[in-house]
Amino acid sequence: MEAVLKKDKVGINLTEGKILKTLLIFAIPIILTNLIQQFYSMVDLMIIGKYMGSEGTVGVSTGGELADMLMPIANAFAMAGQIYIAQLVGAKDEKRVKETIGTLLTLMMLVAIVCAVFGVFFHTDILRLLNCPSEAWEQAASYMIITALGVPFIFGYNAVCGVLRGMGESKRPLYFIMIAATVNIVMDILLVAVFRMEAAGTAIATILSQFGSFAAAFYYLYKHKEQFDFELKLSYFKMKWEPLKLILILGIPQMVRSSFVRFSMLWVNSNVNSYGLVISATNAVGNKINKFLEVFVSGVNTASGAAIGQNLGAKKIDRASKITWVTLACCLVLASICAGIALFAPKALFAIFTPDQAVIDEGVIYMKIMIMHFFMSAITGTFQAMVTGCGFVSLGFLIGILDGVVCRIGFSLLFVNVFNQGAYGYWWGTAFARTLPGLLCFAYFMSGKWKTRKLLSDK
């Protein structure tokens, strides 16, 4: 067997070299990947908004909540695999890297099938919970049912990307998502603009693009099977107890944490939808823009988590600490840029997605409120990357409860009921949601207890 770590043909070594340069080389492809992913997601809204107006925009946005609800599950297990693999790579444990890859792929596909079935059979109940406006109900239902069928492709793509990023490879996922973006844009124009299939056309374009990215990712894994010691036979995909246990230990709390956050966001969206079509459309477009701007900070934090994991696995504690401070500096710069855009160009941003002047005017207020969110995400994400990199599951779980339940819902209720902010109160609640989690992560980092924590890769 030609060892993947000795051949060093997959990914880069994150335990050596200048920290800023290494982090950026690794982070930039992740940022570009996330940008393209958000871009082709935004194309759906732009095309639907142009050809169907606010009803189509709300329909696609609300119908897309299922995928948004399931993404935390895919991301949680992919991140769990990434963390564990990163520590194993740092510790140069080749055998367990191989076992973890096979186990991760099988686990995620099984979970994906269950989620897809859930989405198809319970789409009506989900739309009711979201208070989907009646004008957009038919479009939202079509979008949700069709996109549920693409869930296995989402999970499969995320599984392969989690493996690659754990090994220090971030360029290949960028290529995979470029394929998806190309398919999505071409099919969106064809099915919606030409054949006028409305939200169903957008949904079909979405699952075809997801299939494209997954197929490209799996083909890369197979084509370079010697580097991964990958075998396309059932025995390879048999789940091993040790990596399965650790992936579940890491993944389930992250999934619950992300689900808390996602639940609170669904709660916010549901309440905002009750204020009418204009506010609902503003929230839908604003959320898309917010996700687009956030990918810069989240990309750096994803890279930081993998880098910290590799360095802790290699017992390079001081370097892991320096990576955290460099990450913070990068994220604050990016947050400042996002804040500047939100402050000086909110109308231009909203006008890309909707011609409705009322929505654009409300969008100015939305973007100004979100400035607070950009900076808190930069600070919290940085120190949370350290928590993730060292595999501190219970703290990550507590952060999720604070972010998703205590802070987001608590602050929203405060601004709505005490300060009488109406729909804006829910946006303020989102902006302040990461304050307490940020303080908690910072306190843990400064305590230095992570330096002596037992790693997942330690036998």
Side-chain angles (χ1 to χ4, degrees), residues 10-11 29-38 40-41 64 66-86 100-116 118-119 147-181 183-184 206-222 228 230 237 239 243-244 247-248 250-259 261-262 291 295 298-299 301-303 305-306 309 388:
V10 178
I30 296 177
I31 293 172
L32 292 176
T33 299
N34 293 341
L35 277 174
I36 294 173
Q37 198 165 20
Q38 289 300 323
Y40 82 71
S41 177
L66 173 66
D68 289 344
M69 183 171 63
L70 296 179
M71 277 303 295
I73 301 175
N75 289 334
F77 287 115
M79 180 62 74
Q82 174 185 310
I83 296 166
Y84 187 38
I85 289 171
T100 302
I101 293 174
T103 300
L104 178 66
L105 292 173
T106 302
L107 173 66
M108 289 195 66
M109 290 308 296
L110 290 175
V111 174
I113 293 171
V114 173
C115 290
F118 171 83
T147 52
L149 301 176
V151 169
F153 305 139
I154 297 174
F155 276 63
Y157 164 77
N158 276 276
V160 177
C161 290
V163 170
L164 293 176
R165 288 169 179 164
M167 301 175 79
E169 172 60 75
S170 59
K171 291 181 181 179
R172 298 297 172 180
L174 173 59
Y175 302 152
F176 306 152
I177 210 66
M178 288 174 68
I179 294 173
V183 172
N184 188 78
T206 298
I207 66 169
L208 288 176
S209 67
Q210 291 163 350
F211 173 76
S213 60
F214 169 64
F218 193 82
Y219 175 74
Y220 176 79
L221 193 66
Y222 179 74
F228 298 95
F230 178 74
F237 295 97
M239 291 190 287
L244 175 62
I247 290 171
L248 291 175
L250 276 174
I252 290 176
Q254 287 198 64
M255 179 183 69
V256 174
R257 176 182 65 81
S258 298
S259 296
V261 174
R262 189 61 211 152
K291 289 179 183 178
V295 300
S298 65
N301 288 332
T302 299
T388 300

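Since this is a predicted model, take the numbers as computed values, not measurements.
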| query | Would you find more than 12 non-hydrogen atoms of other residues, nucleotides or ligands less than 6.0 Å from Met178 atom CE? | reply | no
Please table the atom pairs, donor to acceptor, closer than 3.5 Å between any side-chain atom in residues 101-108 and protein atoms at least two apart or in another chain.
from	atom 1	to	atom 2	distance (Å)
Thr103	OG1	Glu99	O	2.9
Thr103	OG1	Lys240	N	3.1
Thr106	OG1	Gly102	O	3.1
Thr106	OG1	Phe237	O	2.5

Which side-chain N or O atoms in residues 148-162 pair as donor and acceptor under 3.5 Å with protein atoms at least two apart or in another chain?
from	atom 1	to	atom 2	distance (Å)
Asn158	ND2	Ile154	O	2.7

| Do the non-hydrogen side-chain atoms of Asn184 and Thr206 ever get within less than 4.5 Å of each other? | yes
| field | Atom NZ of Lys171: over 12 foreign heavy atoms under 6.0 Å | value | no
| note | Distance col, row Met69:CE vs Phe118:CZ, nearest 0.5 angstrom, shows 5.0 Å
| Side chains of Thr33 and Arg165 in contact at under 4.5 Å (non-hydrogen atoms) | yes
| Can you tell me how far the CD1 atom of Ile179 sits from the CZ atom of Phe214, to the nearest 0.5 Å? | 13.0 Å
| task | Find the distance between CD1 (Ile30) and CG (Leu35) and round it off to the nearest 0.5 Å. | result | 12.0 Å
| message | Quick check: do Phe176 and Leu164 have side-chain heavy atoms less than 4.5 Å from each other? | response | yes
| note | In this structure, CD of Gln82 is separated from OG1 of Thr100 (nearest 0.5 Å) by 13.0 Å
| query | Taking C-beta and beyond as the side chain, do Phe77 and Ile252 meet within less than 4.5 Å on heavy atoms? | reply | yes
| field | Atom CZ of Phe230 with >12 non-hydrogen neighbours under 6.0 angstrom | value | yes
| message | Nearest 0.5 Å, please: how far is CD1 in Ile31 from OG in Ser298? | response | 8.0 Å
| How many angstroms lie between CD1 in Ile36 and CG in Leu174, if you round to the nearest 0.5 Å? | 5.0 Å
| request: Please name the pair of heavy atoms, one in Ser213 and one in Ala180, separated by the smallest distance, quoted to 0.1 Å. | output: CB-CB, 3.8 Å
